[in-house]
Amino acid sequence: MKKSSNNPKQKIQEKIDRMDIEAFQNDLVQWFQEEQRNLPWRKDNDAYRVWVSEVMLQQTRVDTVIPYYNRFLEKFPTIESFADADEESILKVWEGLGYYSRVRNLHTAAKEVVSKYGGRVPDTKEEISKLKGVGPYTAGAVLSIAYGKPVPAVDGNVMRVLSRILLITDDIAKPASRKIFEEAVEELMYHDHPSHFNQALMELGALICTPSSPSCLLCPVREHCQAFAKGVQEQLPVKTRKKSTRHEDIVAVVLKDEEDKILINKRPEKGLLANLWEFPNLKVVPLLDGWEILQDFLSTEYSMDAVIEQEDFTVVQHVFTHLTWKINAHEGRLKSGNIDGNETLKFVTEEELEELAFPVSHQKIWQAYKERVQ
DNA sequence: CATTCGTGGGC
DNA sequence: TGCCCAAGAAT
């Protein structure tokens, strides 16, 4: 009897060799053709549209993306129209979707596609991977869906599905694991229709092979699934959890001048919420008087003399992936001072304010401000 | 390689 | 309520 290899990579290869790959492909792709959801980005295979959808879908749920995708393509129907847009408007269409560097990278990349490739999204892994924001997953997704190329598109769904089918126990939270799954997809790839094959793996993960309580009895490929055969599907994939979030206490001010214009600040071009607008704020040590800190801050940093209400009108708790903000927001009135010499500050009317892109945390402040008297 | 980068939904 | 997440990429 032949001894099975201890080389992990070869072990997976042996599992694949024992599979009826053709039956697996047919069962999977046929299921996809019958059961796939009717999603707005599946109306055609236009590379620009596929690309936009894939970037939006990074770490973001389908139901969340749908309205953003529709608005985005209504506003920017062609890659040229998007490339020509200013950054303010592209951030506004992305407002509330999160991970804002995605849209800034997409914008940079789109401009490059227009100027360097005449508006046609490159169709080789080499070229498309050079574009900002296009990593291994997005490259594979666009190449397979838009151009029918047999390139793996390994996302969280694919890793979960294949970890179960092939009983792969590598920690999918580790970056190095993705390569393992790409190699498996290379072996399993349905060359007659790479687009459907890649999408089928993801769709199966989204609809059937879910993180918890997978619907194995409805699964079109359960007879190919090693985890199901052993009843260990709930134990897979192996995924280590990340460390907990840190907390920051912040005080913010909605400051109006004598014309009732509101002071806002543009965040730095790098880091958290880059280039979005916000109400002036600073990190503080809790239990100190926020209104005094703000008054001092406006004076020393902006040379503004202002009266700040002692009582905060709202407290916003906002949770990021790796950070939690507790924002005590105060109302204030400018007595003297201006924004001369400060490039990031601006006084705007309420109407102008609502045309600019704010992070959700500061949208919450604005909502509470407008409702404060009632 | 580990960390950073958003948000809203599910349990 | 607190945690996990959801079609990842950049640094």
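Heavy-atom basis, side chains included; hydrogens, waters and symmetry copies ignored.
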Undergrad: May I ask you to verify if any side-chain N or O of A/Y99 is less than 4.0 angstrom from the OP1 or OP2 atom of C/dA10?
TA: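 For C/dA10, OP1/OP2 do not have a side-chain N/O of A/Y99 under 4.0 Å.
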Undergrad: Anything under 30° is parallel, anything over 60° is perpendicular, the rest tilted; go ahead and classify A/F320 against A/H318.
TA: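 Rings of A/F320 and A/H318: perpendicular, as their planes differ by over 60°.
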Undergrad: Can you tell me, in whole Å, how much space there is between the P of B/dC5 and that of C/dA6?
TA: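 Pairwise P distance, B/dC5 against C/dA6, rounds to 23 Å.
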Undergrad: Counting only non-hydrogen atoms, which of residues 54-69 of chain A are less than 4.0 Å from DNA chain B?
TA: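 Those residues whose heavy atoms fall under 4.0 Å from DNA chain B, taken from residues 54-69 of chain A in numerical order, are A/Q59, A/T60, A/R61.
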Undergrad: Would you please say whether a donor-acceptor pair under 3.5 Å links the side chains of A/E88 and A/W277?
TA: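 On atom types as modelled, these side chains qualify, holding a pair under 3.5 Å.
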Undergrad: What is the distance from CD1 of A/I172 to P of B/dA2, rounded to the nearest Å?
TA: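 Those two atoms, CD1 and P, are 15 Å apart.
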Undergrad: Roughly, in whole Å, what's the span from CE in A/M159 to P in C/dC5?
TA: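 Rounded to the whole Å, the gap is 12 Å.
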Undergrad: Between A/W94 and A/V55, is any pair of side-chain heavy atoms under 4.5 Å apart?
TA: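 Yes - at least one pair of side-chain heavy atoms lies under 4.5 Å apart.
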Undergrad: Can you pull the side-chain hydrogen bond (donor to acceptor under 3.5 Å, both in side chains) pairs that have at least one residue in residues 197-219 of chain A, sequence neighbours excluded?
TA: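 side-chain hydrogen bond (donor to acceptor under 3.5 Å, both in side chains) check on residues 197-219 of chain A returns A/R37-A/E203, A/R42-A/Q199, A/R42-A/E203, A/S144-A/N198, A/S195-A/Q199.
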Undergrad: Of the nucleotides B/dC5, C/dA10, B/dC1, which one has an atom closest to the side chain of A/L272?
TA: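 When the side chain of A/L272 is considered, B/dC5 is the closest of B/dC5, C/dA10, B/dC1.
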Undergrad: In whole angstroms, how far is the P atom of C/dA6 from the CG atom of A/L204?
TA: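 From A/L204 CG to C/dA6 P: 14 Å.
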Undergrad: Between B/dC1, C/dA6, B/dG6, which one does the side chain of A/L273 approach most closely?
TA: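 When the side chain of A/L273 is considered, B/dG6 is the closest of B/dC1, C/dA6, B/dG6.
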Undergrad: For B/dT7 and A/H318 - does any side-chain N or O of the residue sit under 4.0 Å from the phosphate oxygens OP1/OP2?
TA: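 Checking A/H318 against B/dT7: at least one side-chain N or O falls below 4.0 Å of OP1 or OP2.
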Undergrad: Please confirm whether the backbone N or O of A/K174 pairs with a side-chain atom of A/R178, one donor and one acceptor, at under 3.5 Å?
TA: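 No.
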Undergrad: A/R104 has an atom CZ; how far is it from atom P of B/dT4, in whole Å?
TA: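 Distance, rounded to whole Å: 18 Å.
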Undergrad: Just so I know, are the side chains of A/R372 and A/T314 near enough to count as touching, which here means a heavy-atom distance under 4.5 Å?
TA: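 No, side chains not in contact.
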Undergrad: Between residues 129-141 of chain A and DNA chain C, which residues have a heavy-atom gap below 4.0 Å?
TA: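 Residues of residues 129-141 of chain A that come under 4.0 Å of DNA chain C are, in numerical order, A/K132, A/G133, A/V134, A/G135, A/P136, A/Y137, A/T138.
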Undergrad: Between the main-chain N or O of A/Q233 and the side-chain N or O of A/R164, is there a donor-acceptor pair closer than 3.5 Å?
TA: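 Yes; at least one donor-acceptor contact below 3.5 Å.
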Undergrad: If we check salt bridge (Lys or Arg N to Asp or Glu O under 4.0 Å) with A/K370, which of these qualifies: A/E354, A/E350, A/E331?
TA: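 Option passing the salt bridge (Lys or Arg N to Asp or Glu O under 4.0 Å) with A/K370: A/E354.
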Undergrad: List in chain and number order the residues that pass ring-ring contact (aromatic ring centres under 6.0 Å, His included) with A/Y302, two or more places apart in sequence or in another chain; answer none if no residue qualifies.
TA: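 Once residues adjacent in sequence are excluded, the partners of A/Y302 under the ring-ring contact (aromatic ring centres under 6.0 Å, His included) criterion are A/F297.
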Undergrad: Mind checking ring-ring contact (aromatic ring centres under 6.0 Å, His included) for A/F76 and listing every partner two or more places apart, or none if nothing turns up?
TA: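 For A/F76, the residues satisfying ring-ring contact (aromatic ring centres under 6.0 Å, His included) (neighbours in sequence not counted) are A/F72, A/F82.
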Undergrad: Please list, by residue number, the residues of residues 41-48 of chain A whose heavy atoms come closer than 4.0 Å to an atom of DNA chain C; answer none if no residue qualifies.
TA: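 A/W41, A/R42 - these, ordered by number, are the residues of the stretch whose heavy atoms sit under 4.0 Å from the strand.
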Undergrad: Take A/E248 and A/K326 through the salt bridge (Lys or Arg N to Asp or Glu O under 4.0 Å) test and state the conclusion after the steps.
TA: CA-CA 6 Å; A/E248 287 182 359; A/K326 182 185 176 193; over 6 Å; no
Undergrad: In whole angstrom, give me the gap between the P atoms of C/dT11 and B/dG6.
TA: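 That atom pair is separated by 13 Å.
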Undergrad: Can you tell which of B/dT7, B/dC1, B/dC5 lies closest to the side chain of A/P175?
TA: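 Closest nucleotide among those given: B/dC1.
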Undergrad: So if I take every side-chain heavy atom of A/H322 and compare against B/dT7, B/dC5, B/dC1, which nucleotide ends up nearest?
TA: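 Looking only at heavy atoms from C-beta outward on A/H322, the closest nucleotide is B/dC5.
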